Amino acid sequence: MPLYKRKPFSLVESPQHLDPQELVFQVRFTKEIFQDYQKYLKRLNLYRQRVWTCKVTGKTNLTYEEAFVSERRAMEKVQQFPKELMAPVLHMIQYSSLSLKDLVNEIYIKLQERLFEGLELHGRKEQSVFACKILMILDDGHNMQYKVGWVDKGKKVTDTSIIKAEDLIRKKPPFSRNILKAFIRESTSKSAPWVVHENLAKKHGISTEFPEELRDKLTIRNGKERKNAGRNNIMDAGDNRINKKRKNTKNENLEGMDMINKKIKKGPKSAEEEKMKEKPVKYPIDDLLVQPGADDPVFTDRPTLSTDFCVPMDCLGDLLMVWDFCSSFNRLLHLWPFSLDDFENAICHKDSNLMLIVELHSAIIRLLIKDESDYFMAIQNKKRKLKITLTNWSEYLCDFLEMEDRVELSSHVTTIKRGHYGLLDIYVKLGILRELVSEALSTDAVREKLDDCIEQQQALAATRREGTRKKKDDQHLKEEETDVKEMDQEHIVGNGKENSCNSALAQGTKSVHSFKNNHISQNGETANKLRMDDGGGMERVKSLSGTKDNMKGQRRGKDKDKEAREKKPEDRERHLEREIEKLSIRTASLGKDRNYNRYWFFRREGRLFVESSDHKQWGYYSAKEELDALMGSLNPKGERERALQRQLEKYYHRISTALQKRSKDVAQKILLEEAVLRRSTRVRAQPRDSPAMAFLRYVNKWKEN
């Protein structure tokens, strides 16, 4: 359960003996039921405040629902914690007095240094590398050896051997530091020192007795607390005797006054209760509670969604996810960009060696090979060449599908090996790509790319803040100059000496202000340069390794910053905002409507997609008029629709421009198709000439040699 101001919070108990016809109010995410609407609103407003903490991850400043979702997701990750590591990790946690951060770092380092019984890794056997599991650690005092079991795809031990430590090949850590943090929080009941839950300790044979050193520390601390408490009690006792005498005399005088006050209060109390009942609702509130009001504007009808997709409706989420990944990381993948329409048509096509599909799979597989992960080990065991071509790409794909935990997809390996990839069902094709993308997201190359983008965004954001501050300073100086001029004009009425003195004073003031202006301007430029240098610092460090790409990236960053400084303040701010948005890789939804439908806009696609609350239905808007009608149908009295409306207003120009551009492109394609059709009546035109068949002509211009 989420913590309220870092303390446990109890939910309201359900009322007993409810009348089936009685109107009640239920909180959606806690399932609490209220009979009183005002109490319901009060509790709902409390849940909306950012005072909640995720108990598992420790994230703060969340709403209740955000903390609840964070806990649920963290728990799902914690459940994936390797079982073979639970016992050794819990032993390290028990009665540790380190802070959470230090404890996580210590465990993480120890897990990389030590080998444990039950640990799954790889080992060398007969000049090849195979998956294995440590069954026993054999230590005779001089040499450390390990009895390992060689495991098959189902993780069953098929054979055993005794090997040395140098013949064992470690995997990457099977979990991140964040998952380890969540595991520590979830498996402990106290944090100073850390105490593992009693049932977990018994299950894994962990001692529940306090160590002697820790017991001594606790004894000393408790002794000090008792001593201080005793001292405070003696002082309180003396104060209580004095206060008791004073209270007795006061109480006699106050009893009479209380009787009078009670009679007076009875009247106003009933009036206040009536006012509370008629208290107006403060908007925004939950969208489902919004009722039509007399002050409501005229809402437009929400336009009908288009649903003319080639792929099945429940596959569209995977289609968009894979395409968005390829569009965001196309340079890292060395993959020439392709449109969503082309990708959709290619997935539905029955050709087994379609160039777009071949290049897409090959690009992701190359990335996995470079990462030298489990997949790299698998193809090394099969002694495959590290060059993927049009003729052997399906072999590398089959190697990936035959790895662990892909039982459902591995059943299609036979079809792919026979050269019939194109005959696979669309569900299977997108399922394979989803697994490839999921694996690619965990590679070091993708993580480094994300880190670089974040650093550049932070540098540009710092530059923008510096520019905003400089603009405010300039405005303040202009206001001061205006005040000085007004004072000069007032003093001109005086005698000649005063005029000359005042004019000299004004000149002096102006010169001082002009000096300040120049000084601040120079400092602003220097600060901007420093910010740019900070932003490009990572690029310069990486350029020492001799990679040309990072040097080009650094030059591009400097050129962008120089270009930004040369523009006017307003243009520069807009330019920096555009550059920051270009560096955003993750696509987030714009928001939700009244019925929890999500709205998605992808930068490289001229449509506004809508996903149903159950993730099973999809649709889209493709015209500016539909966007305008959608915005006119949103009710700002509801929390979700108000937030969605603000996001649509913020990105209105970009979305409407993209919709209009796509409409023109579609109209142009129709004209071209008609031209091809007219030509085909005179000449036998090839079907590839049609714009609808553009995916057949795809060429990867960024392909690696």
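Model, not experiment: these values are computed from the prediction.
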Query - Trp150 and Ser161 side chains, donor-acceptor separation under 3.5 Å - result: yes
Report task. Return yes when atom NZ of Lys383 has more than 12 non-hydrogen atoms of other residues, nucleotides or ligands closer than 6.0 Å, and no otherwise. Result -> no
Query raised in the report: Does atom OH of Tyr698 have more than 12 heavy-atom neighbours, drawn from other residues, nucleotides or ligands, at distances under 6.0 Å?
Result: yes
Requested in this report: Count the heavy atoms of every other residue, nucleotide or ligand shown that sit under 6.0 Å from CZ of Arg603, and state whether that count exceeds 12.
Outcome: yes
Query raised in the report: Taking atom NZ of Lys147 as the centre, does the number of heavy atoms from other residues, nucleotides or ligands within less than 6.0 Å exceed 12?
Result: no
Query raised in the report: Is Lys664 atom NZ crowded by more than 12 heavy atoms from other residues, nucleotides or ligands, each under 6.0 Å away?
Result: no
Requested in this report: Compute whether any side-chain donor of one residue and acceptor of the other, for Tyr375 and Asp399, lie under 3.5 angstrom apart.
Outcome: no
Query - Other residues, nucleotides, ligands: >12 heavy atoms within 6.0 Å of Arg654 CZ - result: yes
Query raised in the report: Would you find more than 12 non-hydrogen atoms of other residues, nucleotides or ligands less than 6.0 Å from Met136 atom CE?
Result: no
Query raised in the report: If you measure from the Lys or Arg side-chain nitrogens to the Asp or Glu carboxylate oxygens, is any gap between Lys661 and Asp665 under 4.0 Å?
Result: yes
Requested in this report: Could you check whether the rings of Phe325 and Phe329 sit parallel, tilted or perpendicular, using 30° and 60° as the cut-offs?
Outcome: tilted
Requested in this report: Look at the aromatic rings of Phe338 and Phe343 and report parallel, tilted or perpendicular, splitting at 30° and 60°.
Outcome: tilted
Query - Ion pair check, Glu166 and Arg124, cut-off under 4.0 Å - result: no
Report task. Evaluate the side-chain contact (heavy atoms from CB on, under 4.5 Å) criterion for residues Leu121 and Cys132: first the C-alpha distance (whole Å), next the side-chain angles of each, then the deciding distance (0.1 Å), finally the verdict. Result -> CA-CA 6 Å; Leu121 63 174; Cys132 65; 4.3 Å; yes
Report summary line: For residues 307-319, the side-chain hydrogen bond (donor to acceptor under 3.5 Å, both in side chains) pairs (sequence neighbours left out) are Asp308-Tyr620, Asp314-Tyr427, Asp318-Arg434
Query raised in the report: How about Glu408: does its CD atom have over 12 heavy atoms from other parts shown lying under 6.0 Å from it?
Result: no
Report task. Give a yes-or-no answer on whether the side chains of Asp341 and Ser339 include a donor-acceptor pair shorter than 3.5 Å. Result -> no
Query raised in the report: Is a side-chain donor or acceptor of His349 paired with a backbone partner of Asp351 at a separation under 3.5 angstrom?
Result: yes
